[in-house]
Amino acid sequence: MSDKEIILTQDGLKKLEEELENLKSVKRREVAERIKVAIGYGDISENSEYEDAKNEQAFIEGRIITLEKMLRNARIINNDEIDTDTVSIGSTVTVEDLEFGDTMEYAIVGSAESDPLQNKISNESPVGKAILGKTKGTIVDVSVPAGIIQYKIVDIKK
């Protein structure tokens, strides 16, 4: 991961900080204990518990490094920076699918905290890119693998 600026909302910052703290204070200890127990089983060259614990340790340490780098390069979007006239990171946007008439509400977030299952979409996603900077009432074309979807921006709020 390069030193690319990571855009976060206050909630996103809090979640990353909590994950980092959990990895450092809880997960590190748990995996160290697993390694200690696995070493107690004897010959580590054919010890799958030891191997699993070492792999988990490597994953945890890698994730800690990634999170620390993300937090170092973070730019936090404050609520007072969010404009309700145009779509920006931090906005909650209601869009209408013009073909089917369905409405969806999306929170526009930085890529580090996107979670489509929670309707948090990245500013770098196809929908995010298409609606970023647009105003209420604008119709946008979104390029997706299945073709082009037209959305109308119905509402923008903080």
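When reading the values below, keep in mind they use all heavy atoms of this one structure, side chains included, and skip hydrogens, waters and symmetry mates. The first residue of the sequence shown is numbered 1, and numbering continues consecutively from there.
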Which donor-acceptor pairs under 3.5 Å do the side chains of residues 99-114 make with protein atoms, sequence neighbours left out?
residue	atom	partner	partner atom	Å
E105	OE2	K157	NZ	3.2
E113	OE1	T9	OG1	2.8
E113	OE1	G12	N	3.3
E113	OE2	T9	N	2.6
E113	OE2	T9	OG1	3.2
S114	OG	S111	O	3.4

For K36, side chain to side chain donor-acceptor pair (under 3.5 Å) partners two or more places apart
none
Check: V87 and T138 side chains under 4.5 Å, non-hydrogen atoms:
no
When rounded to the nearest 0.5 Å, the distance separating CG of N78 from NZ of K158 is 10.0 Å
Shared hydrophobic cluster, L23 / I65 (ILVMFWY, side-chain heavy atoms < 4.5 Å)
no
Answer yes or no: is there a side-chain heavy-atom contact under 4.5 Å between K134 and T86?
no
Working to the nearest 0.5 Å, report the span between CD of E49 and CD1 of I39.
12.5 Å
Between the side chain of D85 and the main-chain N/O of T135, is any donor-acceptor distance below 3.5 Å?
no
I'd like to check the salt bridge (Lys or Arg N to Asp or Glu O under 4.0 Å) partners of E5; sequence neighbours left out, ordered by chain and number.
R75
If Ile, Leu, Val, Met, Phe, Trp and Tyr residues are connected whenever their side-chain heavy atoms lie under 4.5 Å apart, and connections chain through other members, are L67 and I7 in the same group?
no
Under a 4.5 Å side-chain heavy-atom rule over Ile, Leu, Val, Met, Phe, Trp and Tyr, are I121 and V144 clustered together?
yes
In terms of hydrophobic clustering (I, L, V, M, F, W, Y; side-chain heavy atoms under 4.5 Å; direct or indirect links), are I77 and M70 co-clustered?
no
Tell me who clusters with Y41, hydrophobic residues only, linked when side chains sit under 4.5 Å apart either directly or through other members.
V37
Output for pair (L16 CG, L20 CG), nearest 0.5 Å, gives 8.5 Å
Does the side chain to side chain contact (heavy atoms under 4.5 Å, CB included) test come out yes or no for N22 and E18, once each step is laid out?
CA-CA 6 Å; N22 181 51; E18 287 170 356; over 6 Å; no
So, taking the atom named OG1 in T66 and the one named NZ in K69, what distance separates them when rounded to the nearest 0.5 Å?
8.0 Å
Restricting to salt bridge (Lys or Arg N to Asp or Glu O under 4.0 Å), what partner residues turn up for K27, sequence neighbours left out?
E30
Give me the other members of the hydrophobic cluster that L98 sits in, counting Ile, Leu, Val, Met, Phe, Trp and Tyr linked by side-chain heavy atoms under 4.5 Å, directly or via other members.
I139
Please report, to 0.1 Å, the donor-acceptor pairs under 3.5 Å made by any side chain of residues 122-133, with sequence neighbours excluded.
residue	atom	partner	partner atom	Å
S122	OG	E124	N	2.8
E124	OE2	K4	NZ	3.2
S125	OG	S122	O	2.8
S125	OG	G128	N	3.0

Salt bridge (Lys or Arg N to Asp or Glu O under 4.0 Å) filter on D141, not counting sequence neighbours, yields none
Apply salt bridge (Lys or Arg N to Asp or Glu O under 4.0 Å) to K24 and list each qualifying residue two or more places apart in sequence or on a separate chain.
E68
Excluding sequence neighbours, so at least two apart, what forms side chain to side chain donor-acceptor pair (under 3.5 Å) with E61?
R28
Which heavy atom in V31 sits nearest to a heavy atom in A53, and how many Å separate them?
CG2-O, 3.2 Å
E56 side, atom CD; I60 side, atom CD1 - distance, nearest 0.5 Å:
4.5 Å
According to side chain to side chain donor-acceptor pair (under 3.5 Å), who are the partners of E19, at least two apart in sequence or on a separate chain?
R63
I would like to know whether V93 and D155 meet side chain to side chain contact (heavy atoms under 4.5 Å, CB included); could you show each step before the answer?
CA-CA 6 Å; V93 184; D155 194 24; over 6 Å; no
Considering non-hydrogen atoms only, spot the tightest contact between I82 and G90 and give its length.
CD1-O, 3.4 Å
Locate the shortest heavy-atom distance separating I148 from S143; write the atom from each residue and the value.
CD1-OG, 3.4 Å
Residues in side chain to side chain donor-acceptor pair (under 3.5 Å) contact with T84, at least two apart in sequence or another chain:
none
About how many Å separate CD1 of I153 and NZ of K136, when rounded to the nearest 0.5 Å?
10.5 Å
